[in-house]
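Just so you know, these numbers use all the heavy atoms, side chains as well, and skip hydrogens, waters and symmetry mates.
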Amino acid sequence: MTNDTMITVQQTARPDGFPTPGDFTFVESPVPAPEPGTALVENLQWSVDPYHREAMDSDLLWTLNSPMQGRTLGRVLDSRDPSLRPGDLVLHRKGWRTHSLVSRGEVRPVPDFGPGVPLAAHLSILGGTGLSAYVGLTRIARLQPGEDLFVSAAAGGVGTAAGRIARLLGAGRLVGSAGSARKVAYLTEEIGFDAAFDYHEGPVTELLAKAAPEGLDAVLDGVGGAHLEASIASLREYGRIAWVGAVAQYHSLSTPPPAPRNLFDLVGKSIRLEGFLVRNHMDAQEELYDLAVPHLRSGALPLDVTEAKGFEHIVDAFLGMLSGENLGKMLVTA
């Protein structure tokens with residue numbers, strides 16, 4: 001690639017089950033010049049997220065043979081909008097490409113929080129990943145100090161953010177699930193979970209009951225399926241479930257798993273189950289900054305990030321994230 005070349009990633013086929021590199025192609029074209037009211041951004045960091053897998057199955061979200069979308073951080077190179085100046089760092093959603101043409105309404109400036117807050121924080125703990133965890137815990141599950149919490153897929157981006165944030169909120173017993181012994185150790189030794197288990201080691205309902213023998217008050221679930229069933233079984237009366245994703249069925253949307261067999265226990269135990277989309281809670285962004293930034297500056301809130309170096313590895317990073325290769329948030333950096 002030269003300085004005059006832009007590369008975009010396009011989806012070329014709808015996957016049948018788990019995606020493969022053959023479902024994507026890299027397309028080269030000249031770097032475009034900004035039109036009046038737009039700016040040219042050189043992208044520096046790209047977020048690859050579990051919801052991108054769901055988007056791969058949808059004509060409404062990702063059109064085949066067109067540039068894909070995703071959260072991205074970049075620097076303005078050239079601008080024909082006085083509010084977007086060369087050198088400005090911005091966040092936008094025109095990702096999966098080396099350069100993006102953006103308008104003022106499509107970007108927001110990267111806040112300058114000073115030393116101790118690296119750029120990677122803005123696509124992890126301070127970005128949509130951290131905001132999903134924060135909203136799920138505070139607005140949906142309404143976690144209170146001292147309450148016991150279960151986080152599924154706890155070693156991923158949202159899961160690690162949830163563990164960190166739950167500790168800042170004063171959670172009681174913190175339990176997580178993960179997909180390997182390495183991840184279980186990371187949760188208990190690095191994040192501060194009181195207990196964690198590898199969901200491959202037995203029925204999830206039994207594993208969660210053993211990890212939380214006295215029950216739970218709240219759940220942040222990004223898996224669905226057996227994890228959701230286990231959550232219902234372990235919750236006490238008036239428990240709350242914030243449902244943020246269903247990664248268990250992302251590769252089999254044509255034949256989704258049956259509903260949890262104990263779904264009616266929501267009634268008997270007065271449990272509240274609520275799904276949410278973080279885009280409907282963007283007004284919580286400043287609340288997240290107020291909570292997290294001081295702890296980032298002090299060093300008390302580490303970043304949980306797995307970094308893939310080089311835009312050419314973005315597809316590999318995405319597939320690796322879906323395979324569970326990451327600890328924390330998976331980011332691609334230039």
Side-chain angles (χ1 to χ4, degrees), residues 1-11 21 24-49 51-52 55 62-63 65-131 157 282 285 289 296 303 305-321 326 329-334:
M1 185 184 73
T2 69
N3 292 334
D4 298 324
T5 302
M6 175 175 73
I7 299 178
T8 64
V9 180
Q10 300 184 10
Q11 183 183 341
F24 306 87
T25 189
F26 288 78
V27 178
E28 294 189 4
S29 61
V31 172
E35 300 288 337
T38 69
L40 174 66
V41 173
E42 178 186 26
N43 295 321
L44 305 175
Q45 296 182 354
W46 300 265
S47 174
V48 290
D49 298 291
Y51 79 86
H52 290 162
W62 279 359
T63 304
N65 303 306
S66 296
M68 294 160 62
Q69 306 287 330
R71 299 184 182 108
T72 307
L73 185 152
R75 178 180 289 111
V76 175
L77 289 182
D78 190 11
S79 177
R80 297 191 65 185
D81 183 330
S83 68
L84 297 172
R85 300 166 299 177
D88 285 351
L89 292 172
V90 295
L91 295 158
H92 63 89
R93 298 188 66 87
K94 290 188 172 181
W96 292 78
R97 65 200 85 181
T98 56
H99 300 77
S100 303
L101 280 179
V102 299
S103 63
R104 185 184 339 180
E106 293 174 323
V107 303
R108 61 185 181 92
V110 175
D112 182 6
F113 292 124
V117 184
L119 285 183
H122 296 283
L123 287 178
S124 55
I125 190 69
L126 299 180
T129 297
L131 191 61
M282 297 308 295
Q285 185 71 63
Y289 288 161
L296 284 167
L303 289 190
V305 170
T306 297
E307 179 181 314
K309 185 71 173 177
F311 178 77
E312 66 272 18
H313 297 300
I314 190 169
V315 170
D316 293 335
F318 173 57
L319 299 180
M321 178 272 301
N326 55 303
K329 174 67 181 175
M330 178 67 89
L331 284 183
V332 181
T333 60

Under 4.5 Å between any side-chain heavy atoms of Arg75 and Asn43, yes or no?
no
Take Asp49 and Arg71 through the test salt bridge (charged side-chain N to carboxylate O under 4.0 Å, His left out) and record every step on the way to the result.
CA-CA 9 Å; Asp49 298 291; Arg71 299 184 182 108; 3.8 Å; yes
Determine, using ring centers only, whether Trp96 and Phe311 are less than 6.0 Å apart.
no
Rounded to the nearest 0.5 Å, how far does CG of Leu123 lie from CG of Leu44?
10.0 Å
Is the shortest side-chain heavy-atom distance between Val76 and Val90 below 4.5 Å?
yes
Arg108 and Tyr289 have their tightest heavy-atom pair at NH1-OH, 3.1 Å
Just checking, any donor-acceptor pair under 3.5 angstrom between side chains of Asp81 and Thr38?
no
Output for pair (Met330 CE, Glu307 CD), nearest 0.5 Å, gives 10.5 Å
When rounded to the nearest 0.5 angstrom, what is the spacing between NE2 in His122 and CG in Leu331?
12.0 Å
Side-chain heavy atoms of Trp46 within contact of Leu73, under 4.5 Å
no
Hey, is CG on Asn65 packed in by over 12 heavy atoms from elsewhere, all under 6.0 Å?
yes
Tell me if a side-chain donor or acceptor on Thr333 pairs with a main-chain N or O of Lys309 at a distance below 3.5 Å.
no
Yes or no on side-chain contact (heavy atoms from CB on, under 4.5 Å) for Leu131 and Met282, after CA distance, side-chain angles and deciding distance?
CA-CA 8 Å; Leu131 191 61; Met282 297 308 295; 3.9 Å; yes
Determine whether Leu303 and Leu296 make a side-chain contact, defined as any pair of heavy atoms from C-beta on separated by less than 4.5 Å.
yes
Is any side-chain heavy atom of Thr98 closer than 4.5 Å to a side-chain heavy atom of Glu42?
no
In Å, rounded to the nearest 0.5 Å, how long is the span from CG of Leu119 to OG of Ser124?
10.5 Å
Relative to the ring of Phe318, is the ring of Phe24 parallel (under 30°), tilted (30 to 60°) or perpendicular (over 60°)?
perpendicular
With the side chain counted from C-beta on, respond yes when Leu126 and Val117 share a heavy-atom pair under 4.5 Å apart, and no when they do not.
yes
Identify the heavy atoms of Pro34 and Arg80 that sit nearest to each other, and give their distance.
O-CD, 3.1 Å
Taking the side chain as C-beta and beyond, is there a heavy-atom pair between Val9 and Val315 under 4.5 Å?
yes
Grab the two heavy atoms, one from Asn326 and one from Gly157, that are nearest each other, plus how far apart they are.
ND2-N, 4.5 Å
Could you walk me through whether Glu106 and Lys94 satisfy the salt bridge (charged side-chain N to carboxylate O under 4.0 Å, His left out) test, starting with their C-alpha distance in whole Å, then the side-chain angles of each, then the deciding distance to 0.1 Å, before giving a yes or no?
CA-CA 9 Å; Glu106 293 174 323; Lys94 290 188 172 181; 3.4 Å; yes
Value rounded to 0.5 Å, distance of CZ in Arg85 from CG in Asp78:
14.5 Å
Between CE of Met6 and OG of Ser100, what distance do you get to the nearest 0.5 Å?
7.5 Å
Please find the pair of heavy atoms, one from Gln45 and one from Thr72, that lie closest to each other, and give the distance.
O-CG2, 3.2 Å
Any side-chain heavy atom of Trp62 sitting closer than 4.5 Å to one from His52?
yes
Between Gly310 and Val332 the two heavy atoms that sit nearest each other are O-CG1, 3.5 Å
Where do Lys329 and Ser47 land on the side-chain hydrogen bond (donor to acceptor under 3.5 Å, both in side chains) test, with the steps shown first?
CA-CA 8 Å; Lys329 174 67 181 175; Ser47 174; 2.5 Å; yes
